[in-house]
Amino acid sequence: MAGTRCRSNLGDVALLDNGTDTRALTQQRFDRMTLAGGDRLPPVDIAGLPDGPDWPPFLQTVALLRFRHRFHPYLHRKYGDTYTVKLMPKGRPLVFFTRPEHAKEIFAGEPEVFHAGKGNAILGPVMGEHSLLLQDGAEHKRARKLLMPAFNGHALRTYEEMVTAIARDEVAHWPAGRIVRSHDRMNVLTLEVILRVVFGVTDEKRLAALRPRVSATVNVHPAVLLVWGVPALHRVGPWRWALVNQIELDELMYAEIRERRTAPDLAERTDVLSRLIREGQESGDVLTDIELRDQLVTLLLAGHETTATALAWALYELGRSPELMRRTRTAAEAGDADGDAWLDAVLKESLRLHPVIPMVVRTLMKPQTIAGVDIPRGATVGPSILIAHSREDNYDDPERFDPERFLGHNPPTNTWIPFGGGVRRCIGAGFAMMEGVAVLREVFQAVDVTAVGSDEPRVRNITSVPRYGARIKVTRR
């Protein structure tokens with residue numbers, strides 16, 4: 001069934017030179033992508049799986065998506081270290097494991113058996129079928145190989161200067177003596193990093209067109225995510241506007257990709273998109289425009305709000321402790337390896353105490369035994385990041401913000417997993433940590449912060465963010 005056709009409001013600013021109808025490409029992607037690929041897997045026998053709530057799948061899905069910060073601890077208290085939830089569509093089981101040795105088994109599983117792409121299928125209409133997060137097997141291996149050079153150590157060092165300049169400009173505009181929603185400011189900052197450092201956009205007209213459409217993509221409501229694989233909804237309310245926004249964003253992105261391929265300064269450019277285009281030219285394995293678009297949107301969704309949220313929580317937590325604030329200021333002003341090590345530890349502790357993503361999932365292509373439990377083909381399994389990061393046998397006093405946990409050493413394997421693990425570990429993890437350290441360095445070279453009021457996580461689409469914006473009061477030095 002084809003979805004309703006939507007027109008763009010962008011005009012000629014983003015049309016590809018070769019006349020390709022990018023609106024049709026977007027519409028076809030939405031028509032093609034289905035929720036969770038349920039029709040490609042057989043029914044799953046849940047007999048013998050770990051216990052879990054006996055609620056209708058719809059209620060369990062809502063609880064997992066919208067009330068995860070209460071639901072996961074409730075399940076862990078009631079059912080122990082392993083538990084099963086049954087989700088839409090068709091009540092498919094998702095088995096959670098919470099101990100590090102269990103996470104090790106999952107992360108070490110054969111990629112041909114432990115498929116990650118199917119577990120991320122809810123994002124398919126936005127990310128596209130070529131997204132690194134949605135691919136498995138040989139396709140994933142090829143895409144990861146082509147993307148890796150843009151995220152190696154040398155590349156990260158070239159990006160750091162650009163990130164630092166963007167952060168310095170952002171902090172210079174913070175109002176002294178006033179309350180700031182740090183999450184809003186970090187979202188603005190990391191969006192500029194994505195647009196300028198990852199996409200490599202320099203034209204102010206196109207940047208102005210991209211910003212609201214990228215923000216609308218990141219802020220899509222969970223209800224839209226849950227069922228926008230249903231074409232009939234594409235003509236209704238928020239689903240229609242989500243599709244229109246995607247059409248317009250895609251037009252802009254395809255235009256940027258097309259122009260970049262023939263840019264006279266392509267060889268000298270240091271942004272991620274330019275590197276990906278050059279890598280294809282040099283290797284002979286060229287990423288198509290559609291593949292590049294899918295990977296760029298993946299980097300946007302995986303790296304924009306996640307980094308912004310980790311930074312906002314870091315500012316808020318530091319603002320609650322004068323002692324940690326002073327130590328962070330000293331580290332930022334030092335600007336050396338020891339100072340950066342402390343800032344790195346601050347960011348890691350923020351990601352531990354306030355996980356942005358709640359879980360890592362894999363769908364089984366063959367029956368497997370995990371933690372002594374026989375799991376059938378078609379079931380989905382995964383570690384709960386929320387529980388792994390808050391277990392008292394993993395971290396002493398886990399509710400306390402303490403960067404010392406990460407200073408000079410790493411925590412035990414598979415107890416800190418904000419970027420997943422194994423061969424599917426987030427390809428942008430190094431970029432995120434580089435960006436976070438650079439931003440913290442610039443912030444605390446210029447200002448001190450004091451936390452304002454209380455805060456707690458709330459769910460926004462697939463991520464968890466500060467409910468009240470991680471408010472801080474800025475004191476300029």
Side-chain angles (χ1 to χ4, degrees), residues 33-38 40-41 44 46 49-50 52 57 60-66 68-69 71-72 75-76 79 81-100 102-124 126-127 131-137 140 222 225-226 229 298 301-302 306 355-371 373 375-389 414 417-427 429 459 461-464:
M33 305 299 286
T34 58
L35 179 61
R40 294 190 294 272
L41 290 170
V44 178
I46 64 173
L49 293 180
Q60 295 194 48
T61 302
V62 170
L64 191 66
L65 286 177
R66 294 294 291 162
R68 62 185 62 153
H69 296 278
F71 194 43
H72 276 269
L75 294 171
H76 188 225
Y79 300 107
D81 289 338
T82 59
Y83 44 85
T84 303
V85 296
K86 296 182 284 293
L87 305 175
M88 296 175 59
K90 303 178 183 179
R92 286 199 168 274
L94 168 54
V95 185
F96 282 108
F97 297 84
T98 62
R99 298 189 62 83
H102 301 163
K104 179 181 179 180
E105 291 186 52
I106 295 170
F107 291 149
E110 296 179 18
E112 294 77 14
V113 176
F114 288 76
H115 276 197
K118 291 180 176 60
N120 297 318
I122 192 172
L123 299 171
V126 175
M127 287 189 173
S131 164
L132 192 67
L133 289 180
L134 300 181
Q135 291 179 314
D136 287 298
H140 176 266
L225 281 177
L226 185 60
T298 299
L301 292 180
T306 50
V356 183
I357 302 296
M359 56 193 174
V360 188
V361 296
R362 305 283 190 266
T363 299
L364 299 181
M365 297 296 100
K366 295 180 181 178
Q368 295 290 301
T369 300
I370 304 170
V373 179
I375 312 290
R377 175 177 182 257
T380 300
V381 300
S384 168
I385 299 176
L386 288 169
I387 300 302
H389 287 192
N414 295 316
I417 50 174
F419 300 111
V423 297
R424 298 295 301 240
R425 189 174 188 268
C426 175
I427 197 171
V459 176
N461 54 63
I462 63 171
T463 60
S464 296

| field | Any residue meeting side-chain hydrogen bond (donor to acceptor under 3.5 Å, both in side chains) with S384, in chain and number order, not counting sequence neighbours | value |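 S384 satisfies side-chain hydrogen bond (donor to acceptor under 3.5 Å, both in side chains) with H72 once adjacent residues are dropped.
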Do [X] and [Y] have side chains that get closer than 4.5 Å, going by heavy atoms?
{"X": "L94", "Y": "M359", "value": "yes"}
{"X": "H389", "Y": "I417", "value": "yes"}
{"X": "F97", "Y": "E105", "value": "no"}
{"X": "H140", "Y": "P111", "value": "no"}
{"X": "V85", "Y": "F71", "value": "yes"}
{"X": "V373", "Y": "V95", "value": "no"}
{"X": "L123", "Y": "I462", "value": "yes"}

| field | Step-by-step side chain to side chain donor-acceptor pair (under 3.5 Å) determination, T82 to H102 | value | CA-CA 9 Å; T82 59; H102 301 163; over 6 Å; no
Atom [atom1] in [X], atom [atom2] in [Y]: separation rounded to 0.5 Å?
{"X": "T98", "Y": "L386", "atom1": "OG1", "atom2": "CG", "answer": "11.5 Å"}
{"X": "L49", "Y": "T84", "atom1": "CG", "atom2": "OG1", "answer": "5.0 Å"}
{"X": "K118", "Y": "Q135", "atom1": "NZ", "atom2": "CD", "answer": "11.5 Å"}
{"X": "I375", "Y": "T363", "atom1": "CD1", "atom2": "OG1", "answer": "12.0 Å"}
{"X": "L87", "Y": "T380", "atom1": "CG", "atom2": "OG1", "answer": "8.0 Å"}
{"X": "T463", "Y": "R68", "atom1": "OG1", "atom2": "CZ", "answer": "7.0 Å"}

Could you report the tightest heavy-atom contact between [X] and [Y], atom names first, then the distance?
{"X": "T298", "Y": "L132", "result": "OG1-N, 4.2 Å"}
{"X": "F419", "Y": "A429", "result": "CG-CB, 3.6 Å"}
{"X": "G124", "Y": "L134", "result": "CA-CD1, 3.5 Å"}
{"X": "H69", "Y": "S464", "result": "NE2-OG, 2.7 Å"}
{"X": "V44", "Y": "A379", "result": "CG2-N, 3.9 Å"}
{"X": "G91", "Y": "P57", "result": "CA-CG, 3.6 Å"}

| What's the verdict on side chain to side chain contact (heavy atoms under 4.5 Å, CB included) for I385 and V360, showing C-alpha distance, side-chain angles and the deciding distance? | CA-CA 7 Å; I385 299 176; V360 188; 3.6 Å; yes
So, [X] side chain and [Y] main chain: donor-acceptor pair closer than 3.5 Å or not?
{"X": "Q60", "Y": "K86", "value": "yes"}
{"X": "D136", "Y": "E112", "value": "no"}
{"X": "N120", "Y": "L133", "value": "yes"}

| query | Who are the salt bridge (Lys or Arg N to Asp or Glu O under 4.0 Å) partners of R99, not counting sequence neighbours? | reply |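 R99 satisfies salt bridge (Lys or Arg N to Asp or Glu O under 4.0 Å) with D81, E101, D393 only.
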| Sequence neighbours excluded - salt bridge (charged side-chain N to carboxylate O under 4.0 Å, His left out) pairs with any residue from residues 357-371 |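 For residues 357-371: none.
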